[in-house]
Amino acid sequence: QAEAALRRRDNEEVRDALAWLLWFEPNDHRALLLVGISLNADRRFGEAIATLERIPESSDSFGQGSIALAASLVEDGQLDRAEAVFKQSLALTPQSTEAHGRLVRLYLKLLRQRDAVELLRERWRRIPSDLSVLPDMLELTVKQATPDQRIEFLEQARTTHPGQWSVELALARAHALMGQTDQAREHYQAAVALKPGD
């Protein structure tokens, strides 16, 4: 019933259908996954994160759950955590095209085009028959970054979840690309303070 409601995008019905099940079985992993996805769809990211975090790595639902969790973390501005979850998901299921594609898009949000290109190259090395990476690699190699479009998103992430190394580094790069050297220096120094060995 909940899966049918999710396909209809009736997110409240998903949660209603699973309320009794989760009352009796609060750790039912499939139910947690469906509830988390429905909360994400309703843009209730904090609740989605809290729900999806309860799915253990040993569960059959962990693959889908980790992607949904990372997507919620991105929307919530927790970009460092989102990157870590995407990487964990790829380490467990390296063939996952969804986790791979979403991590590439996260790197683009963070103005880390080199990391995005390297991730695509790594996938091509692992799966030489997957030629779908070539158009993306070409586009990323020649496409100019648009830092001005990213700053608002990054500033919001920095405000809601301060102390994220990747966000400070992305802001530094964005301001540097726009010729704003004072702001760039400030964010580079903040990034170095957060990760002195980088």
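Note that this is a predicted model, so its numbers are computed, not measured.
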Let me check something: any side-chain donor-acceptor pairs from residues 82-89 under 3.5 Å, sequence neighbours excluded? List them with distances.
residue: E83; atom: OE1; partner: R112; partner atom: NH1; Å: 3.0
residue: E83; atom: OE2; partner: K87; partner atom: NZ; Å: 3.1
residue: E83; atom: OE2; partner: Y107; partner atom: OH; Å: 3.2
residue: E83; atom: OE2; partner: R112; partner atom: NH2; Å: 3.0
residue: Q88; atom: NE2; partner: E57; partner atom: OE1; Å: 2.8
residue: S89; atom: OG; partner: S66; partner atom: OG; Å: 3.2

Donor-acceptor contacts, no H, no angles, side chain residues 20-31, under 3.5 Å, sequence neighbours left out:
residue: D28; atom: OD1; partner: R30; partner atom: N; Å: 3.3
residue: D28; atom: OD1; partner: A31; partner atom: N; Å: 2.9
residue: H29; atom: ND1; partner: S59; partner atom: OG; Å: 3.0
residue: H29; atom: NE2; partner: N27; partner atom: O; Å: 3.3
residue: R30; atom: NE; partner: E3; partner atom: OE2; Å: 3.0
residue: R30; atom: NH1; partner: Q64; partner atom: OE1; Å: 3.3
residue: R30; atom: NH2; partner: E3; partner atom: OE2; Å: 2.9

**OP:** Taking atom CD of Q156 as the centre, report whether more than 12 heavy atoms of other residues, nucleotides or ligands fall under 6.0 Å from it.
**Re:** no

Original post:
Checking H187 side chain against D182 main chain: does a donor-acceptor pair fall under 3.5 Å?
Top reply: no

Original post:
Taking the side chain from D80 and the backbone from S166, do they hold a donor-acceptor pair closer than 3.5 Å?
Top reply: yes

**OP:** Assess whether atom CH2 of W124 is packed by more than 12 heavy atoms of other residues, nucleotides or ligands within 6.0 Å.
**Re:** no

Subject >> Partner of E168 by side-chain hydrogen bond (donor to acceptor under 3.5 Å, both in side chains), out of K195, R158, R173 >> reply: R158

Original post:
What are the two closest heavy atoms between I67 and A99, and how far apart are they?
Top reply: CD1-N, 3.8 Å

Original post:
L79 versus K109: any side-chain heavy-atom pair under 4.5 Å?
Top reply: no

**OP:** For N40 and L52, run side chain to side chain contact (heavy atoms under 4.5 Å, CB included): C-alpha distance rounded to whole Å, both residues' side-chain angles, the deciding distance at 0.1 Å, then the answer.
**Re:** CA-CA 10 Å; N40 181 298; L52 294 164; 5.6 Å; no

**OP:** Output all residues satisfying side-chain contact (heavy atoms from CB on, under 4.5 Å) with Q189, sequence neighbours left out; order by chain, then residue number.
**Re:** R185

Subject >> Pair Q183, H175: side-chain N/O donor-acceptor within cut-off below 3.5 Å >> reply: no

Original post:
Do the charged groups of E118 and R114 touch, with an N to O distance under 4.0 Å?
Top reply: no

**OP:** Give the cluster check for L171 versus F153: same hydrophobic cluster or not, with ILVMFWY residues linked at side-chain heavy-atom distances below 4.5 Å.
**Re:** yes

